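One structure is given below, encoded as C-alpha cells.
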Amino acid sequence: MSFPLLTATAALPAVGAIAVAAVPAARRTAAKWLALLVSLATLALAVTVLVRFDPDGARYQLTESRSWIAEFGVRYELGVDGIGVALIALTALLMPFIILAGWHDADPSPSSQLRSSRGGPNETKAPYNWRPTQGFFALILAVEAMVILSFEATDVFLFYIFFEAMLIPMYFLIGGFGDRAHAGTDENASAQRSYAAVKFLLYNLVGGLIMLAAVIGLYVVAGNFSLQEITEARADGTLEMATSTERWLFLGFFFAFAVKAPLWPLHTWLPNAMGESTAPVAVLITAVVDKVGTFAMLRFCLGLFPEASKWATPVILVLALISIIYGALLAVGQRDIKRLVAYASISHFGFIILGIFAMTSQGQSGATLYMVNHGISTAALMLVAGFLISRRGSRLIADYGGVQKVAPVLAGTFLIGGLATLSLPGLAPFVSEFLVLVGAFARYPVVGIIATIGIVLAALYTLVLYQRTMTGPVKPEVSAMPDLRVRELLVVTPLIALLIGLGVYPKPLTDLVNPAVKHTMSDVQQKDPKPDVEAAK
C-alpha cells in the first residue's frame, strides 16, 4: 500500500494540536515553537502533495479509500483535484504566518494572572497555573487539520463531519482569545466576544443541521455517500433524481455553504467574529475556514446537483451582486479597521460566488484563483493591521494619523496589502477579479457590468482607510510607534512577495486549476458561450 499522503497531511496538525496542548503550563515558549514546527512540517507535506499532483492526470488523485461504517455505506475516502490542491497549499502556507503573527496574542495578561491567583495559596505561582498559550496554538492546529480534511474528503458524510467539527475550535478561538484592543471595560469586551462566538456557532450550526437533512436525503436517493460514484452515476444516467428532490437537496447543501461563505443575507456573523478576534484568528476565519464554503459549492453543489445548480443560478447571482455592493458600501462607512476588512471580505466572497455560478470556465477559474489570492491578500492586510492595532491599542480609524512618518515600513506593507485588496493590476487578486468579470460578462452582461461597481467602491474604502491612518499630521499617540520588528517582517514579506509574484506570473496556478474547472463545467453540462462577432461589428 502506498504512503497515505493525504491522511498524513491532515493528521500531522491534529497530532500536533494534542502535543501542543500537553506541553507543561510553564513552557509557553516551547508550545509556540512546537506549533510553528508542526505547521512548517505540514507545509512540507502540502508541497509534496502539490508536486505529486498531475494537473493533466485523473480528476481525483492520491486517493485513499477504506471501509468505515459499512452498514450505511460510509467510507473513509480522500482525493484531491486541482482546486483542492490549491486550497490545501493555501491553508498550509498561511498557518506558519498565523502562528508567528499571534506569537504573543495568548500570553497571559497581568490582570488575568491576578484573577487566576485569587483564592490560591501562592500568588507567584499564578502564571504556571494559566494555560492560554497552549490552548490557543493547539486550537489553531486543530482547525488546520479539519480544514485540510474538508478539502480532501470525497465521501459526503466524511466531509460533513469535518465541515461541522471545525466550528468547535473556532468557537473557543473567538470567544476565549479575543482582541485586547477593545474599547470599554474587560467585562464589556468579554460580553462582546461571547456574543460574537455564540452568533458564529449558531449561524453555522443551523446551516449544518439543514445540510445534515440533505445528506440523509442524498443517501436515501443514491444509496451511498461517495461523491465520485454519485457524480458518475448522474453523468451516465444510472442515477436519476426527481426535479423537486434534486432542488430540495441542492438548497440544503447550498444554505450551509452560503452561511460559511458568507453570502448575503447570511453574512452577519462575520463582522462580529472578525472584529472580536485577534488578527491571526480573523485571518483564520476569512482566509481559511470560509473558503470551505465556496470550495464546497464547486465540488458538491455543482457536482451532485447540476440541474438544480442551473435552476438556482439567477437567484444566486442576484445575491452575489448584493454581497458585492452591500459589503463594499458598509466597508466605506466603517470606523473600525477590522470590521472594514470583514465587510470588504463579504464583497470579495460575492465575486467568488459570482464566478462559480456564472457557469463559464473563465468565471470558475477566476473564482478558484480568487479563493487563493484573497486568502493571501487578506492575510497580508489583516496581519499588518493587527501589528498596527497592537501598538496603539485601538481599532478605531480616527485614533490614527501620520503613521507613515514614524513607521514607514509598516505603512508601506499596509499600503501593498490594501492595494491588493482593491485588485490593483500587477498584484495577484487583479487576475482573479478580471477573470470573474470576464466570465460573468460572457454569459450575463448586465450582471458583469453591475459587479464592476464593487471595484470602484473597493478603491474608495481602501484609499480612505490608508489616508486616515497613515497620512496627515502625526498624532501624539502614535509619535513613538515602533516600526515592524524582525518577527513581523518574517510574516509580512513572504506574503507580499507572493502577491507580486502571482500578480506578474499567475500561470502555475492557472495550470493547476484549469483542468479541474473543465471537469466541473462538464458536470453541469455547460460550455462557454461563443463571442457574438456580428454584434461586435
Side-chain angles (χ1 to χ4, degrees), residues 9-23 25 27-46 87-108 131-151 162-163 165-180 193 196-197 200-201 204 260 273-274 276-292 338 375-376 378-380 382-383 386-387 390 487-488 490-491 494-495:
T9 305
L12 180 58
V15 173
I18 297 172
V20 170
V23 172
R27 305 293 299 275
R28 292 195 298 270
T29 302
K32 297 174 185 179
W33 280 106
L34 178 58
L36 180 60
L37 290 174
V38 169
S39 69
L40 290 172
T42 304
L43 175 58
L45 287 177
L87 293 175
I88 289 170
L90 170 69
T91 302
L93 173 71
L94 292 181
M95 284 301 165
F97 302 128
I98 288 173
I99 290 172
L100 274 175
W103 201 253
H104 298 298
D105 285 358
D107 290 344
R131 300 174 56 89
T133 303
Q134 288 85 341
F136 180 75
F137 291 105
L139 290 170
I140 288 176
L141 291 175
V143 172
E144 179 181 19
M146 295 174 187
V147 168
I148 289 176
L149 273 170
S150 297
F151 292 141
F162 293 106
F163 180 81
M166 71 179 70
L167 301 180
I168 304 305
M170 285 306 311
Y171 169 80
F172 288 109
L173 283 170
I174 297 168
F177 301 92
D179 187 7
R180 293 177 181 176
R193 288 197 300 270
F200 162 82
L201 188 63
N204 284 275
K260 185 87 77 179
M274 288 184 65
E276 299 304 324
S277 300
T278 64
V281 173
V283 171
L284 189 62
I285 294 170
T286 190
V288 177
V289 172
D290 288 352
K291 297 302 187 303
V292 178
K338 292 169 70 176
I376 299 171
T378 298
M382 179 59 83
L383 293 179
F387 299 149
S390 66
R487 173 180 60 85
E488 296 164 338
L490 288 175
V491 171
L495 295 175

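Hydrogens, waters and symmetry mates are skipped; everything else that's a heavy atom, side chains included, is used. These figures come from a predicted structure and were not determined experimentally. Residue numbers run from 1 in the order of the sequence given.
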Got R28 and H104 here, is their nearest side-chain heavy-atom distance under 4.5 Å?
-> no

With F97 as reference, evaluate V283, I376, V491 under the side chain to side chain contact (heavy atoms under 4.5 Å, CB included) test and give the passing residue.
-> V491

By side-chain contact (heavy atoms from CB on, under 4.5 Å), A145 pairs with (sequence neighbours left out) P13, A14

Worked check of side-chain contact (heavy atoms from CB on, under 4.5 Å) between V147 and M166 = CA-CA 7 Å; V147 168; M166 71 179 70; 4.1 Å; yes

Is the shortest heavy-atom distance from the side chain of K338 to the side chain of M274 under 4.5 Å?
-> no

Test item: I99 and F137 side chains (from C-beta on) under 4.5 Å apart, heavy atoms = yes

Before giving the answer on side-chain contact (heavy atoms from CB on, under 4.5 Å), spell out for T9 and L149 the whole-Å C-alpha distance, their side-chain angles and the decisive distance to 0.1 Å.
-> CA-CA 9 Å; T9 305; L149 273 170; over 6 Å; no

So do F162 and V292 actually touch side chain to side chain, heavy atoms under 4.5 Å?
-> no

Validation row: I148, T42 side chains within 4.5 angstrom (heavy atoms) | yes

So do L284 and M170 actually touch side chain to side chain, heavy atoms under 4.5 Å?
-> yes

Is a donor on one side and an acceptor on the other found under 3.5 Å between the side chain of T378 and the backbone of G375?
-> no

Please tell me if the side chains of M146 and F163 come closer than 4.5 Å, counting only heavy atoms from C-beta onward.
-> no

Backbone N/O of L100 and side chain of R487: donor-acceptor pair under 3.5 Å | yes

